[in-house]
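Have a look at the structure below before the remarks.
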Amino acid sequence: MRYQRTFFMINDLVIEVKKPEITLKKVIVAKIKIENEEYRMLRKKFDEDIFHIEKKPDGWYITEKE
């Protein structure tokens with residue numbers, strides 16, 4: 001029998017798993033990694049001293065601080 005690989009793709013992140021099951025913990029960890037990378041990229045474009053960066057369920061909200 002030939003070894004087959006199982007891959008899952010979540011928000012452009014590819015995860016290889018040994019077993020065909022994927023746990024909820026792996027999904028949550030992948031989601032957090034994606035959010036951290038998005039936040040890091042937004043910090044490069046928007047200075048946190050001037051702008052407030054907030055994650056909401058429907059996306060990132062960037063507003064000027066008063």
_Identified side-chain contact (heavy atoms from CB on, under 4.5 Å) counterpart of I32 within the set I28, V29, I34_ = I28
*According to the salt bridge (Lys or Arg N to Asp or Glu O under 4.0 Å) rule, which pairs have a member within residues 48-59, sequence neighbours left out?*
none
_I'd like to check the salt bridge (Lys or Arg N to Asp or Glu O under 4.0 Å) partners of E38; sequence neighbours left out, ordered by chain and number._
none
_I want to check something: taking the side chain as every heavy atom from C-beta on, are K31 and V27 in contact at a cut-off of under 4.5 Å?_
no
*Which ILVMFWY residues can you reach from M41 by hopping between side chains whose heavy atoms are under 4.5 Å apart?*
none
*Residues two or more places apart in sequence or in another chain: which of them pass side-chain contact (heavy atoms from CB on, under 4.5 Å) with K65?*
H52
*Can you list the residues that meet the side-chain hydrogen bond (donor to acceptor under 3.5 Å, both in side chains) rule with E35, with sequence neighbours excluded?*
none
*Which residues, ordered by chain and number, are linked to L42 in its hydrophobic cluster, where ILVMFWY side chains connect at heavy-atom gaps below 4.5 Å, directly or through other members?*
Y39, F46, I50, F51, I53, W60, I62
